Engineer: 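First the structure, which I've put down as structure tokens, then a few questions once you've had a look.
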Amino acid sequence: MPMPVTGADYKWMNLVARKPLKAVPRILRRAALGIGGMLIGREYLAGGQALAAGLFAGILRAGVPVWTETSLVRLVQEDGRVSGAVLRQGGREVTVRTRRGVVLAAGGFDHDIAARHKYQSPSLIPHASLGAEGNTGDAIEAAQELGAGTVSMDQAWWFPAFAPLPGGAPAVMLAERSLPGSFVVDQSGRRFINEATDYMTYGQQILARERAGDPVTEMWLVFDQRYRNSYTMAGGIFPRQPVPEAWYEAGIAHRADDPAALAQAIGVPVEAFTSTFAQFNGYAETGEDIEFQRGASAYDRYYGDPTVRPNPNLSALRKAPYYAVRMVLSDLGTCGGVVADEHARVLREDGSLIEGLYAVGNTAGNAFGATYPGAGATIGQGLVYGYIAARHAAASSAADTGTTTSGE
């Protein structure tokens with residue numbers, strides 16, 4: 001169903017079974033907008049898609065040519081200044097020469113698994129990133145060939161997700177690990193993190209354990225039937241809808257009538273798991289997670305269930321059957337890249353400027369360092385530094401040059 005959904009809409013969609021009087025009218029309005037738009041030949045978008053669509057519409061209005069299915073081969077440098085780029089479009093190479101400079105805005109290296117193993121972790125699995133498939137680090141490599149420094153290459157917008165079916169992609173997990181009636185265990189059968197923490201911090205803590213020699217080799221989201229009856233899951237499994245049979249067949253999901261049997265099904269120590277199960281239920285009864293402080297922050301509570309008190313992120317697992325679904329560490333894209341200054345100009349490893357070269361978005365090192373300030377952090381800095389780079393380049397007095405094509 002075509003349905004533009006904001007972050008606030010998503011929250012209420014997730015609570016449709018718990019707060020129908022508030023959620024259903026909102027859902028119906030969004031559905032009407034999407035279906036109505038489809039009927040008149042107009043697509044309505046929300047969130048990051050809406051921002052991207054607005055930018056693209058602006059490009060079209062300005063008459064800027066847009067080349068699709070085009071990749072960066074290398075940068076052109078003349079007299080110490082970047083003056084263009086060689087691009088591959090289909091079976092030919094095209095050399096584009098610029099008047100004011102080149103802005104690298106080609107994303108990170110989300111789908112270059114060799115680079116990810118080198119800079120981040122050898123345990124990352126191929127094709128697990130939710131970033132665009134074309135984000136293979138070409139722009140970062142091209143800048144490095146000219147001596148550009150890099151920073152934060154070990155960082156990504158980490159995003160825990162539901163494990164993929166064979167040959168498929170991970171399924172988005174946003175509110176599921178924050179909602180009451182669920183918790184996460186590792187291969188030891190014990191909790192190891194505040195499940196409701198922001199997704200970047202979640203990944204950082206997993207990799208910190210790996211570097212310390214205590215890796216998280218398995219993750220399972222554990223929940224009961226009441227949770228399954230109450231909340232949307234994986235972006236499209238609605239309350240009371242069964243967990244897909246394909247998940248059971250692939251070993252991604254398991255269910256059992258008691259905690260001990262569930263522990264055996266997922267292959268974790270039974271005693272540790274049942275103890276964790278009972279301990280978590282105890283925290284839920286008091287509303288205080290003394291082990292990991294789940295629900296103590298405003299961020300945690302935003303994705304919780306406001307109908308559950310005293311803690312919207314905690315409730316006991318009491319209603320059988322009990323479920324466990326395998327999780328993997330995914331991401332929304334890498335956020336380390338070339339070093340850029342306050343004008344988005346690319347710097348060499350020694351701190352000197354590469355004249356005529358700019359980098360923004362995930363091609364540049366994350367402006368927030370290793371910190372996740374909130375939703376939209378990646379597109380926000382892309383917009384801001386794109387504007388900064390464009391203004392600085394427009395003020396350049398570089399001489400005009402033309403455009404030439406070469407190759408096949």
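From a predicted model like this one, the values you see are computed outputs, not experimental measurements.
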Engineer: Checking the side chain of Q241 only, and the main-chain atoms of F238 only, is there a donor and an acceptor separated by less than 3.5 Å?
Structural biologist: yes
Engineer: Give a yes or no on whether the backbone of R226 and the side-chain of S230 come within a donor-acceptor separation of less than 3.5 Å.
Structural biologist: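 Judged by distance alone, yes, a pair lies under 3.5 Å.
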Engineer: Do other residues, nucleotides or ligands put more than 12 heavy atoms under 6.0 Å from Q293 CD?
Structural biologist: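 Count over threshold, so yes.
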Engineer: Are the side chain of S330 and the backbone N or O of A128 linked by a donor-acceptor pair below 3.5 Å?
Structural biologist: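 Between the backbone of A128 and the side chain of S330 there is a qualifying donor-acceptor contact (under 3.5 Å).
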Engineer: When you compare the side chains of N311 and E288, does any donor N or O come within less than 3.5 Å of an acceptor on the partner?
Structural biologist: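 Note: N311 and E288 side chains miss the donor-acceptor criterion.
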Engineer: Could you verify whether a donor N or O on one side chain and an acceptor N or O on the other, from W247 and E245, lie under 3.5 Å apart?
Structural biologist: no
Engineer: What donor-acceptor contacts under 3.5 angstrom involve side-chain atoms of residues 152-180, with partners at least two apart or in another chain?
Structural biologist:
| residue | atom | partner | partner atom | Å |
| --- | --- | --- | --- | --- |
| Q155 | OE1 | Q204 | NE2 | 2.8 |
| W157 | NE1 | N362 | OD1 | 3.2 |
| E176 | OE1 | L174 | N | 2.8 |
| E176 | OE2 | A234 | N | 2.6 |
| R177 | NH1 | E195 | O | 2.6 |
| R177 | NH1 | T197 | O | 2.7 |
| R177 | NH2 | T197 | O | 3.4 |

Engineer: Given the side-chain rings of Y372 and F368, with only the six-membered ring counted for Trp, is the space between their centroids under 6.0 Å?
Structural biologist: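 No: the rings miss the under 6.0 Å criterion.
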Engineer: For Q77 and S83, test the side chains for any donor-to-acceptor distance below 3.5 angstrom and give the result as yes or no.
Structural biologist: no
Engineer: Just verifying a value: how many Å separate L72 CG and I140 CD1, rounded to the nearest 0.5 Å?
Structural biologist: 11.5 Å
Engineer: Rounded at 0.5 Å granularity, tell me how far CG in D198 sits from OH in Y303.
Structural biologist: 10.5 Å
Engineer: For R309, I'd like to know if atom CZ has over 12 heavy atoms of other residues, nucleotides or ligands within 6.0 Å.
Structural biologist: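 Not more than 12 within 6.0 Å, no.
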Engineer: Who pairs with F277 by ring pair (Phe, Tyr, Trp, His ring centres under 6.0 Å), at least two apart in sequence or on another chain?
Structural biologist: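 Counting only residues at least two positions away or on another chain, F277 forms a ring pair (Phe, Tyr, Trp, His ring centres under 6.0 Å) with F183, Y322.
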Engineer: Output, in order, the C-alpha distance, side-chain angles, deciding distance and verdict of salt bridge (Lys or Arg N to Asp or Glu O under 4.0 Å) for D224 and K319.
Structural biologist: CA-CA 6 Å; D224 69 351; K319 186 175 178 61; over 6 Å; no
Engineer: Do T276 and R191 pair up side chain to side chain, a donor and an acceptor below 3.5 Å, judged on atom types alone?
Structural biologist: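 Short answer, no.
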Engineer: Roughly how far, to the nearest 0.5 Å, is CZ of R240 from OH of Y231?
Structural biologist: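 It comes to 12.5 Å.
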Engineer: Just to verify, what does H343 make a ring pair (Phe, Tyr, Trp, His ring centres under 6.0 Å) with, not counting sequence neighbours?
Structural biologist: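 For H343, the residues satisfying ring pair (Phe, Tyr, Trp, His ring centres under 6.0 Å) (neighbours in sequence not counted) are H392.
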Engineer: When you look at R97 and E78, which way does the salt bridge (Lys or Arg N to Asp or Glu O under 4.0 Å) test go after all the steps?
Structural biologist: CA-CA 11 Å; R97 299 191 181 278; E78 296 175 338; 2.8 Å; yes
Engineer: Would T150 and Q144 satisfy side chain to side chain contact (heavy atoms under 4.5 Å, CB included), going step by step from the backbone distance to the final call?
Structural biologist: CA-CA 8 Å; T150 57; Q144 286 180 294; 3.5 Å; yes
Engineer: Residues in salt bridge (charged side-chain N to carboxylate O under 4.0 Å, His left out) with R74, at least two apart?
Structural biologist: none
Engineer: Assess the side chains of Y202 and N194: does a donor N or O sit below 3.5 Å from an acceptor N or O?
Structural biologist: no
Engineer: Looking at Y283, I'd like to know if the NZ or CZ of R294 sits under 6.0 Å from its six-membered ring centre while staying within 45 degrees of the ring's axis.
Structural biologist: no
Engineer: Is there a donor-acceptor contact under 3.5 Å from the side chain of T274 to the main chain of V270?
Structural biologist: yes
Engineer: For atom CD of E342, is the number of surrounding heavy atoms from other residues, nucleotides or ligands below 6.0 Å larger than 12?
Structural biologist: yes
Engineer: Do N281 and E285 pair up side chain to side chain, a donor and an acceptor below 3.5 Å, judged on atom types alone?
Structural biologist: no
Engineer: Is the terminal nitrogen or CZ of R190 (NZ for Lys, CZ for Arg) located under 6.0 angstrom from the six-membered ring centre of F273 and within 45° of that ring's axis?
Structural biologist: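 No, R190 does not lie over the aromatic ring of F273.
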Engineer: Calculate, to the nearest 0.5 Å, the distance between atoms CG and CE belonging to L329 and M219 respectively.
Structural biologist: 5.5 Å
Engineer: Within this structure, what is the CG-CG distance for the pair L317 and L262, rounded to the nearest 0.5 Å?
Structural biologist: 10.0 Å
Engineer: Which residue pairs pass the side-chain hydrogen bond (donor to acceptor under 3.5 Å, both in side chains) test when at least one of the two sits in residues 23-39, sequence neighbours left out?
Structural biologist: D9-R26, D9-R30
Engineer: Rounded at 0.5 Å granularity, tell me how far OG1 in T334 sits from CG in D110.
Structural biologist: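 These two atoms lie 4.5 Å from each other.
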Engineer: Using the salt bridge (charged side-chain N to carboxylate O under 4.0 Å, His left out) criterion, which residues pair with R326? Sequence neighbours excluded.
Structural biologist: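 R326: no salt bridge (charged side-chain N to carboxylate O under 4.0 Å, His left out) contacts found.
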